[in-house]
Undergrad: 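So that we are looking at the same thing, I have put the structure below in C-alpha cells.
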Amino acid sequence: KAVVSMQHAHGLSDGGGESSSLARGISSCASLGGSDLAVTGSNDGYLRLWKVSTGEKASERGLETIGKVPLFGYINDIAVGPKGRFCVAAVGQEPRLGRWDRVAGAKNRFAIIQLATTTDDQNDDDADGDNGNGNGGDDSEEDSSNDNDSDDNASNSSSD
C-alpha cells in the first residue's frame with residue numbers, strides 16, 4: 001500500500017495542447033539505504049532528489065523536493081554510491097523497455113553526479129574516527145604494504 005503519492009512529480013508532457021497533456025512517468029528510482037534520500041528520473045530533463053519523511057502517523061510521512069540535476073534524455077537507471085557521495089545515472093534517447101518515445105538530440109551515455117561536497121566527506125571521515133581496522137582509527141598496527149589505504153596515507157603525510 002502506498003504511504004505517500006506525489007502527483008506530477010516530473011511534470012506534464014507536451015501532448016500537443018493543455019487538454020491532452022499527460023503526466024510524465026518515473027522511469028527509474030533509487031534510494032540510499034538507512035537514509036532519507038531518494039532519487040528519481042524521467043524524461044523531463046532532470047534527475048530529482050527527494051527527502052523521504054517516515055513516521056508513526058500518516059501526517060508525519062511525506063516527500064519533499066531537495067534538488068534537481070539537469071540531464072538531457074531518458075534517465076533509465078540510477079544507482080547511489082556509498083554514503084550518498086555520488087550518483088550514477090544511465091541516460092538514453094529512448095525508454096529502457098520500449099521505443100514508443102524518443103528525446104531528439106539526446107545521447108546514450110551515463111552520468112556521474114557528485115551529491116556531497118568534499119567538505120562534507122572530510123567531516124564524515126573525521127567524525128567516524130574509525131578506519132575499519134578495528135583499532136579506533138590508529139593505523140600503527142596496520143600492515144604498511146596494504147595498497148588499499150596507501151592513497152589516503154600519502155595525501156595526509158607531509159614531507160619536511
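All values below were derived from every heavy atom in this structure, side-chain atoms included, with hydrogens, water molecules and symmetry-related copies excluded. Residues take their numbers from the sequence shown, with the count starting at 1.
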Undergrad: Go through it in stages, so that I can follow the logic: the residues are Ile66 and Lys51, the test is side-chain contact (heavy atoms from CB on, under 4.5 Å), and I'd like the CA-CA distance, side-chain angles, deciding distance and then a yes or no.
TA: CA-CA 6 Å; Ile66 57 173; Lys51 178 182 179 188; 3.7 Å; yes
Undergrad: Distance from Leu71 atom CG to Asn43 atom CG, nearest 0.5 Å?
TA: 12.5 Å
Undergrad: Applying salt bridge (Lys or Arg N to Asp or Glu O under 4.0 Å), which residue pairs with at least one partner in residues 56-67 are found, sequence neighbours left out?
TA: none
Undergrad: Any chance you could measure Leu115, atom CG, to Lys83, atom NZ, to the nearest 0.5 Å?
TA: 14.5 Å
Undergrad: Find out if a path of hydrophobic residues (ILVMFWY) with successive side-chain heavy-atom gaps under 4.5 Å connects Val69 to Val80.
TA: yes
Undergrad: Are the side chains of Phe72 and Val103 in contact, using a 4.5 Å heavy-atom criterion?
TA: yes
Undergrad: Using 0.5 Å steps for rounding, measure from the CZ atom of Arg24 to the CG atom of Asp101.
TA: 9.5 Å
Undergrad: Using the side chain to side chain donor-acceptor pair (under 3.5 Å) criterion, which residues pair with Asn108? Sequence neighbours excluded.
TA: none
Undergrad: Can you pull the salt bridge (Lys or Arg N to Asp or Glu O under 4.0 Å) pairs that have at least one residue in residues 26-35, sequence neighbours excluded?
TA: none
Undergrad: First locate atom CZ of Arg102, then atom CD of Glu94, and finally report the distance between them rounded to the nearest 0.5 Å.
TA: 6.5 Å
Undergrad: Pair up each side-chain donor or acceptor in residues 33-40 with any protein partner under 3.5 Å, not counting sequence neighbours, and list the distances.
TA:
from  : atom 1 : to    : atom 2 : distance (Å)
Ser35 : OG     : Leu32 : O      : 2.8
Ser35 : OG     : Leu37 : N      : 3.2
Thr40 : OG1    : His10 : NE2    : 2.8
Thr40 : OG1    : Trp50 : NE1    : 2.8

Undergrad: Between CG of Leu47 and CD1 of Ile113, what distance do you get to the nearest 0.5 Å?
TA: 5.0 Å
Undergrad: Nearest heavy-atom pair of Ala106 and Gly92: which atoms, and what distance?
TA: CB-O, 4.1 Å
Undergrad: Looking at side-chain heavy atoms only, is the closest gap between Ile78 and Cys87 below 4.5 Å?
TA: yes
Undergrad: Kindly write out the residues that satisfy salt bridge (Lys or Arg N to Asp or Glu O under 4.0 Å) with Asp77, not counting sequence neighbours, or none if the list is empty.
TA: none
Undergrad: Kindly give the cluster partners of Val88, where membership spreads through any ILVMFWY side chain lying under 4.5 Å from a current member.
TA: Phe86, Phe110, Ile112
Undergrad: To the closest 0.5 Å, what do you measure between OG (Ser28) and CZ (Arg96)?
TA: 8.0 Å
Undergrad: Verify, without hydrogens or angle tests, whether Ser42 (side chain) and Ser27 (backbone) share a donor-acceptor contact under 3.5 angstrom.
TA: no
Undergrad: For the residue pair Arg109 and Ala111, what are the closest heavy atoms and their distance?
TA: NH1-CB, 4.3 Å
